[in-house]
Structure formats: structure tokens, C-alpha cells
Amino acid sequence: MSKEQIAEQRHILKDSLRLTIDFRFTDQRMGVAPPPVQKPLQPQQQIIPLPTAHNREPWHDTRLYDAINARRSHRKFTAEPLGLAELSLLLWSTQGLREDLAPGTALRTVPSAGCRHPFETYLLINNVTGLEKGVYRYLPREHGLVLERADNKLVEKLPPATLGQMFTAAAAVTFVWTCIPYRTEWRYHTAAHRVILMDVGHVCQNLYLAVTAISSGTCAIAAFHQELMDQLTGVDGEDEFVIYLAPVGKI
């Protein structure tokens with residue numbers, strides 16, 4: 001095969017995903033209502049409000065250059081707890097909601113293809129001031145948390161679920177992002193799967209920059225046991241599944 005033929009085949013492969021999709025027949029074009037921007041609460045669940053002090057604390061003046069220059073992965077954490085206002089900053093920075101738009105659509109602090117935002121943020125809380133140990137979920141609309149379940153053994157469950165990465169047990173909190181693909185598929189059909197992977201990178205990079213402002217660190221993890229992480233967060237592994245995670249702690 002000539003170089004020209006190889007180049008042509010590469011071009012076909014790169015564009016084949018969109019070429020095989022008739023976007024006239026996506027659920028959006030067919031008039032199907034969009035999925036909600038966040039999962040609903042269960043009847044017995046109560047919202048735990050988060051402080052909005054992320055706009056008034058000293059870290060508000062952190063220079064972007066300094067945050068980018070200091071960004072690195074950290075796998076060693078101290079025993080110091082994370083404060084609730086600090087957790088609030090990290091959640092707002094990664095999935096904070098700035099404005100509700102049309103039904104099923106919202107502007108957040110990170111970009112997302114088609115403004116679809118297919119992620120839910122779960123928190124495996126181990127050492128955060130004012131919160132008991134357990135699995136929580138972030139509610140961007142209310143800027144609050146909901147307790148999914150109390151769990152005093154998260155530090156024992158995390159290393160096996162992350163394929164033996166022991167530093168996860170020392171984290172004050174582990175951010176776990178699950179994906180609900182249909183939120184993006186509603187608009188982009190199977191072309192959604194490429195942009196979902198891009199979108200989750202935007203989210204985690206904001207976390208990396210935000211932790212530098214609170215003298216903390218993180219290390220993104222893509223190597224994990226899918227079934228164990230899905231079980232740990234309590235998702236079904238089909239319509240919603242873990243896609244990325246990042247332990248956070250003081251350094």
C-alpha cells in the first residue's frame with residue numbers, strides 16, 4: 001500500500017464515526033426531552049449545604065500563573081483534614097453550576113461538548129471537617145452534598161478498587177466522577193463517546209489547579225477495577241459508571 005493510500009485510509013478511519021451517524025435521528029432531533037442535569041435525590045435524603053466562602057477566602061486571589069506553574073501529581077498526603085470551605089471550592093471549580101439554561105442544560109465552570117455535562121461527582125470522604133466518613137454526591141444546582149451512605153471502611157476498600165495504589169487510603173477525600181453517557185448521546189449519538197473523554201479531562205484539570213490554592217495535592221487515577229469502583233459508589237455500571245477518580249489531601 002502506498003503512502004497516499006495509507007493517508008487516505010487514516011482519513012476515513014478518523015472521520016468514520018461521524019460519517020456513519022445520521023444526526024437527523026438523534027433523540028434531540030426527534031423531540032425527546034433531554035435528561036436532567038443532575039440525578040434526583042431519594043425521598044429520605046437531605047441536602048447538606050456547602051459554604052459559599054470560595055468567593056471570599058484568601059485563595060480567591062491565587063494567580064492563574066502560580067496555579068499552573070505549581071501543578072503536579074502528589075501521592076503523599078499528611079493527616080491534616082480538609083476544611084468544608086476548601087471542599088466547597090474544589091467542587092465549585094470542577095462542576096459548579098453558573099447558570100441554568102434550557103431544560104437539561106446548564107453553564108458550569110468547565111466546558112462540555114454541547115453543554116451536556118455527562119458526569120456526577122461522588123466523594124469518598126475520609127477526613128473532612130464536619131462530615132462523617134462515607135460516600136457523598138455533589139448537587140451542583142443546590143451547591144450541596146447528599147449522603148449516599150456512611151462507611152467507616154473506605155480506607156480499606158480503596159486500595160483494592162484502585163489496583164493496589166495504597167496512597168489512596170491516605171487521602172482526605174477521593175473525587176470519583178461517574179459518567180451517564182445518555183446525557184451526551186441524546187445530542188450526539190455514538191459520537192458522544194469521544195467528547196465525553198475530552199470533557200472529563202477538563203474537569204480533572206480544574207481540580208489540579210484548584211488544589212494548589214489550598215496547599216493540597218491530587219493525583220488522577222485511570223487504573224482502577226471497574227466493578228469494585230462502581231460498587232463502591234453504588235452505581236449500576238451500565239447506565240452510569242465510574243470513569244475517572246482523583247484522591248485529594250494536604251501536602
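The first residue of the sequence shown is numbered 1, and numbering continues consecutively from there. Below, all heavy atoms of this structure are taken into account, side chains as well, without hydrogens, waters or symmetry copies. Note that this is a predicted model, so its numbers are computed, not measured.
In summary, R108 and E99 do not engage in a salt bridge, as defined by a charged side-chain N under 4.0 Å from a carboxylate O. Between R183 and E240 there is no salt bridge, since no side-chain nitrogen of the basic residue lies less than 4.0 Å from a carboxylate oxygen of the acidic one. A salt bridge between E120 and K39 is absent, with no side-chain N of the basic residue lying under 4.0 Å from a carboxylate O of the acidic one.
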Practice task
Tell me, with the steps shown, if R187 and D27 meet salt bridge (charged side-chain N to carboxylate O under 4.0 Å, His left out).
Solution key: CA-CA 7 Å; R187 181 166 188 172; D27 280 359; over 6 Å; no

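With no hydrogens or angles considered, no side-chain donor-acceptor pair links T218 and H74 at under 3.5 Å. Residues Q38 and E142 have side chains that bring a donor and an acceptor to within less than 3.5 angstrom of each other. Inspection of the T121 and Q95 side chains reveals no N or O donor paired with an N or O acceptor under 3.5 Å. Under the 3.5 Å distance criterion, with hydrogens and angles disregarded, no donor-acceptor pair is assigned to the side chains of H193 and Y188. A donor atom on one side chain and an acceptor atom on the other are not found under 3.5 Å apart for N206 and S93. If you check the side chains of Y138 and T94, you find no donor sitting under 3.5 Å from an acceptor.
The line from OG1 of T26 to CD of E185 is 11.5 Å long, rounded to the nearest 0.5 Å. Here NZ of K133 is found 7.0 Å from CG of N127. Values are rounded to the nearest 0.5 Å. Between atom CG of residue L90 and atom CG of residue L123 there is a gap of 9.5 Å, rounded to the nearest 0.5 Å. Taking CG of L158 as the start and NZ of K153 as the end, the distance is 14.5 Å to the nearest 0.5 Å. Separating the CD1 atom in I243 from the CG atom in D199 is a distance of 9.0 Å, to the nearest 0.5 Å. Here OG1 of T178 is found 11.5 Å from CG of D239. Values are rounded to the nearest 0.5 Å.
Summarising the geometry of P159 relative to T168, their closest heavy-atom pair is N-OG1, 3.7 Å, with the distance given to 0.1 Å. The two residues V248 and F175 come nearest to each other via the heavy atoms CG2-CD1, 3.9 Å. Nearest heavy-atom pair across I196 and P181 is CD1-CA, 4.0 Å. When all heavy atoms are compared, the tightest approach of I221 to Q165 is CG2-NE2, 3.5 Å. Across L147 and I48, no two heavy atoms sit closer than the pair N-CD1, 4.4 Å. In terms of heavy atoms, P111 sits closest to H117 at C-CE1, 4.2 Å.
Listed for the T109 side chain is a donor-acceptor partner under 3.5 Å among the backbone atoms of W92. Side chain of N126 to backbone of A171: a donor-acceptor contact under 3.5 angstrom is found. Although no hydrogens or angles enter the test, the distance criterion places a donor-acceptor pair under 3.5 Å between the side chain of Q45 and the main chain of Q42. Put simply, the side chain of S88 never gets that close to the backbone of L84: no donor and acceptor are under 3.5 Å apart. At least one donor-acceptor pair closer than 3.5 Å links the side chain of D230 to the backbone N or O of V242. Using modelled atom types, one side-chain atom of T78 and one backbone atom of E80 make a donor-acceptor pair closer than 3.5 Å. With R141 contributing its side chain and L97 its backbone, the two residues share no donor-acceptor pair below 3.5 Å. The main-chain N or O of L209 is never found under 3.5 Å from a side-chain atom of R71 such that the two would form a donor-acceptor pair. Of the possible polar contacts, one joining the W186 side chain to the V32 backbone as a donor-acceptor pair under 3.5 Å is found. Looking at T233, its side chain does come within 3.5 Å of a backbone N or O of M229 through a donor-acceptor pair.
Atom CZ of R149 has more than 12 heavy atoms from other residues, nucleotides or ligands within 6.0 Å. By the neighbour-count criterion of 12 heavy atoms within 6.0 Å, atom CZ of R29 is sparsely surrounded, having that number or fewer from other residues, nucleotides or ligands.
There is no path of hydrophobic side-chain contacts, each under 4.5 Å, that joins M166 to V155. Taken together through direct or relayed side-chain contacts under 4.5 Å among Ile, Leu, Val, Met, Phe, Trp and Tyr, V128 and I214 form part of one hydrophobic cluster. The same ILVMFWY cluster, assembled from side-chain heavy atoms under 4.5 Å apart, contains both L50 and L82. In terms of hydrophobic clustering, with Ile, Leu, Val, Met, Phe, Trp and Tyr side chains grouped at heavy-atom distances under 4.5 Å, F77 and L154 are assigned to a common cluster.
At a threshold of 4.5 Å between non-hydrogen side-chain atoms, the residues V176 and F224 do not count as touching. In this structure, the side chains of Y122 and Y136 stay at 4.5 Å or more apart for every pair of heavy atoms. In this structure, P118 and Y182 have side chains that are not in contact, with every pair of non-hydrogen atoms separated by 4.5 Å or more. At a threshold of 4.5 Å between non-hydrogen side-chain atoms, the residues Q46 and V146 do not count as touching. Side chains of L145 and L87 form a contact here, defined as non-hydrogen atoms less than 4.5 Å apart.
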